[in-house]
Peer 1: 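First, the structure itself, so that you have it in front of you.
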Protein chains: 2
Amino acid sequence: MDLGIERKNLIEELGVHLEGDHLAPLAARILATLILSGKKGVTFEELVNELNAGKSTVSTHLDHLQNTNRVTYFTKPGERKRYFIIDPNLILNVMEEMLNKWEKERKLHIKIRNYKEESNLQAAKTGDFQFDLEFQEDYLTFLNETSTAVQKLKTRLLARYNEN
Amino acid sequence: MDLGIERKNLIEELGVHLEGDHLAPLAARILATLILSGKKGVTFEELVNELNAGKSTVSTHLDHLQNTNRVTYFTKPGERKRYFIIDPNLILNVMEEMLNKWEKERKLHIKIRNYKEESNLQAAKTGDFQFDLEFQEDYLTFLNETSTAVQKLKTRLLARYNEN
DNA sequence: CTATTGGTTCGGAAAAATCAGAACTAAATG
DNA sequence: CATTTAGTTCTGATTTTTCCGAACCAATAG
């Protein structure tokens with residue numbers, strides 16, 4: 001099996017998958033390329049060539065990937081080129097993002113539960129429709145438990161990173 | 001505080017949040033409306049009116065929401081109207097989707113690890129660049145642990161649903 | 001000080017997603 | 001069987017996203 005071909009295929013497959021995470025097609029291909037290239041890093045020019053993309057496109061997406069803590073770069077002494085790599089904390093950052101999203105969701109569903117309780121209070125007088133709170137309760141349980149699990153893993157990984 | 005206003009606000013807020021999950025703006029508003037309306041259900045016409053949307057748009061998005069197991073409807077004897085509600089198993093379905101996505105991701109990263117190991121074997125001969133496998137290992141750990149946590153919760157919820 | 005390298009920024013073209021209107025259909029109603 | 005109700009389907013307009021080329025800039029090299 002030709003490793004070059006395999007590489008191209010994996011970039012596409014991983015790229016398509018990563019598009020699922022709010023990334024433009026080319027941004028996803030860039031991230032996939034970096035994941036597959038590891039710590040040796042990939043230069044701007046290599047990205048433009050390997051992905052057959054415009055410089056402006058690569059520049060914009062690299063910017064975005066850096067702003068969202070997915071990508072960084074290092075430089076070599078005496079060279080002006082940047083070697084782009086995935087952020088060493090990518091996994092932690094992904095977990096952090098999940099936790100933030102879930103926290104936002106939690107607050108929202110608490111607001112909704114309050115709204116429904118309030119509404120039930122009013123409706124009790126008029127004999128009107130009463131909301132069921134089961135969905136909100138279950139959803140909040142779901143959010144709490146998954147958050148706790150991810151939080152624990154995050155703490156554990158963090159400890160391991162610090163110890164090494 | 002006016003509950004009608006509060007309702008509108010929550011639909012918007014929840015709607016915006018739900019757009020984050022690959023839903024078109026109007027699809028997100030529909031789902032938000034259903035979440036806020038609970039088990040009494042919302043008819044097609046009410047959705048068209050409350051959301052100021054075209055019938056075709058509502059029809060298409062409702063279709064999609066049903067196909068992705070987020071929405072169902074019930075009918076009342078003698079009436080032709082449909083009362084749309086969130087799928088009673090929405091939470092389980094969401095968990096199921098998370099698990100599927102993570103499983104796909106797991107397989108992909110195993111492929112990538114294999115590619116890197118293979119590549120290292122080749123490179124060992126030529127003295128070429130060696131891949132680090134740490135990222136893949138950590139990512140797989142992350143996937144395994146979060147999957148297990150969600151799987152457990154799913155089982156637990158499922159048991160509780162069956163028992164009631 | 002001129003040329004080259006390694007990018008960035010700006011303006012718009014091309015493509016994709018989203019939505020709406022009009023015509024249509026199938027079931028029930030009168 | 002004509003009408004109303006409850007939607008569906010098709011076509012195209014509008015909006016948004018994605019991408020590119022050209023001009024530009026700052027740092028280094030010659």
Side-chain angles (χ1 to χ4, degrees), chain A residues 11-12 14-34 37 40-68 70-85, chain B residues 11-12 14-34 37 40-68 70-87:
Chain A
I11 288 176
E12 273 318 297
L14 182 55
V16 169
H17 187 84
L18 290 171
E19 284 184 50
D21 288 10
H22 312 286
L23 290 181
L26 217 105
R29 300 304 178 281
I30 290 175
L31 196 54
T33 304
L34 298 188
S37 302
K40 71 167 164 294
V42 183
T43 65
F44 185 90
E45 213 199 345
E46 287 169 338
L47 286 171
V48 168
N49 292 333
E50 178 153 17
L51 300 173
N52 292 113
K55 291 206 289 174
S56 55
T57 312
V58 171
S59 178
T60 308
H61 287 307
L62 268 179
D63 232 32
H64 181 242
L65 289 170
Q66 290 175 87
N67 291 334
T68 52
R70 289 188 259 245
V71 165
T72 5
Y73 62 86
F74 64 86
T75 49
K76 295 183 183 180
E79 274 193 59
R80 196 148 56 99
K81 264 183 287 197
R82 292 168 193 173
Y83 291 82
F84 292 96
I85 50 173
Chain B
I11 288 175
E12 274 317 298
L14 182 55
V16 169
H17 186 83
L18 289 170
E19 282 184 51
D21 288 11
H22 311 285
L23 291 180
L26 219 106
R29 300 304 179 282
I30 291 175
L31 195 55
T33 304
L34 300 187
S37 302
K40 69 167 168 294
V42 184
T43 65
F44 186 88
E45 213 198 345
E46 287 169 337
L47 285 171
V48 168
N49 292 333
E50 178 153 17
L51 300 174
N52 292 112
K55 291 208 288 174
S56 54
T57 311
V58 171
S59 178
T60 309
H61 287 308
L62 268 178
D63 232 34
H64 180 242
L65 288 170
Q66 290 175 86
N67 290 335
T68 52
R70 287 189 260 247
V71 165
T72 4
Y73 61 87
F74 64 86
T75 49
K76 295 181 182 181
E79 273 192 59
R80 197 147 56 98
K81 263 182 290 198
R82 292 170 195 173
Y83 291 81
F84 292 95
I85 50 172
I86 57 170
D87 189 306

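None of these values were measured; they are calculated from a predicted model. Computation of the quantities below employed the complete heavy-atom set of this structure, encompassing side-chain atoms and omitting hydrogens, waters and symmetry-equivalent molecules. Just so we're on the same page: letters track the sequence lines, and every chain starts at 1.
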Peer 1: Excluding sequence neighbours, so at least two apart, what forms side chain to side chain donor-acceptor pair (under 3.5 Å) with A:T60?
Peer 2: none

Peer 1: Honestly, is B:K76 close enough over B:Y83, meaning NZ or CZ under 6.0 Å from the six-membered ring centre and within 45° of the axis?
Peer 2: yes

Peer 1: How long is the line joining CD of B:E46 and P of D:dG7, in whole Å?
Peer 2: 11 Å

Peer 1: Taking B:H61 for the side chain and B:A24 for the main chain, is one N or O donor matched with an acceptor at less than 3.5 Å?
Peer 2: no

Peer 1: Dump every N/O contact between nucleotides 10-15 of chain C and the protein below 3.5 Å, one line per pair.
Peer 2:
none

Peer 1: Run the side chain to side chain contact (heavy atoms under 4.5 Å, CB included) test against A:T72 and tell me which residues pass, sequence neighbours left out.
Peer 2: A:I85, A:D87, A:P88

Peer 1: Taking only the side-chain nitrogens and oxygens of B:R82, find out if one of them lies under 4.0 Å from OP1 or OP2 of D:dT8.
Peer 2: yes

Peer 1: On the nucleotide D:dT8, are OP1 or OP2 found under 4.0 Å from the side-chain N or O atoms that B:S59 carries?
Peer 2: yes

Peer 1: Kindly compute the distance separating CG (B:L34) from CG (B:L14), expressed to the nearest 0.5 Å.
Peer 2: 10.5 Å

Peer 1: Can you list the residues that meet the salt bridge (Lys or Arg N to Asp or Glu O under 4.0 Å) rule with A:E12, with sequence neighbours excluded?
Peer 2: A:R29

Peer 1: Just to verify, what does A:T68 make a side chain to side chain donor-acceptor pair (under 3.5 Å) with, not counting sequence neighbours?
Peer 2: A:R70

Peer 1: Where along nucleotides 24-30 of chain D does protein come under 4.0 Å, by heavy atom, of base (B) or sugar-phosphate alone (S), with - for untouched nucleotides?
Peer 2: --BBS--

Peer 1: Rounded to whole angstrom units, what separation is found between the CD atom of A:E79 and the P atom of C:dG7?
Peer 2: 10 Å

Peer 1: Provide, to the nearest angstrom, the distance between the CG atom belonging to B:N49 and the P atom belonging to D:dG7.
Peer 2: 12 Å

Peer 1: Tell me, please, which residues at least two apart from B:F44 pass ring-ring contact (aromatic ring centres under 6.0 Å, His included).
Peer 2: none

Peer 1: Sequence neighbours left out, what passes salt bridge (Lys or Arg N to Asp or Glu O under 4.0 Å) with B:D63? Give chain and number order.
Peer 2: none

Peer 1: Estimate the overall bend of the helix from C:dC1-D:dG30 to C:dG30-D:dC1 from the end axes over five pairs each, rounded to 10 degrees.
Peer 2: 10°

Peer 1: What distance do B:T33 atom OG1 and B:L47 atom CG have between them, rounded to the nearest 0.5 Å?
Peer 2: 6.0 Å

Peer 1: In whole angstroms, how far is the P atom of C:dG7 from the CD atom of A:Q66?
Peer 2: 10 Å

Peer 1: Under the side chain to side chain donor-acceptor pair (under 3.5 Å) rule, collect the residues that match up with A:T43, sequence neighbours excluded.
Peer 2: A:E46

Peer 1: In this structure, how many angstroms lie between the C1' atom of D:dT17 and the NE2 atom of A:H64, rounded?
Peer 2: 13 Å

Peer 1: Could you list the residues that satisfy side chain to side chain donor-acceptor pair (under 3.5 Å) with A:E45, not counting sequence neighbours?
Peer 2: none

Peer 1: Between D:dC19 atom P and A:L62 atom CG, what is the distance in whole Å?
Peer 2: 13 Å

Peer 1: Please identify which of these residues, B:L26, B:L62, B:V71, meets the side chain to side chain contact (heavy atoms under 4.5 Å, CB included) condition with B:L31.
Peer 2: B:V71

Peer 1: Between A:F44 (CZ) and C:dT5 (P), how many Å, whole number?
Peer 2: 15 Å

Peer 1: Short question: side chain of B:T57, backbone of B:A53 - any donor-acceptor pair under 3.5 Å?
Peer 2: no

Peer 1: Please tell me which of the listed nucleotides, C:dG6, D:dC20, C:dA20, lies nearest to the side chain of B:A53?
Peer 2: C:dA20

Peer 1: Taking only heavy atoms on the protein side, list every residue of residues 14-30 of chain B lying under 4.0 Å from any atom of DNA chain C, sorted numerically.
Peer 2: B:A24, B:P25, B:L26

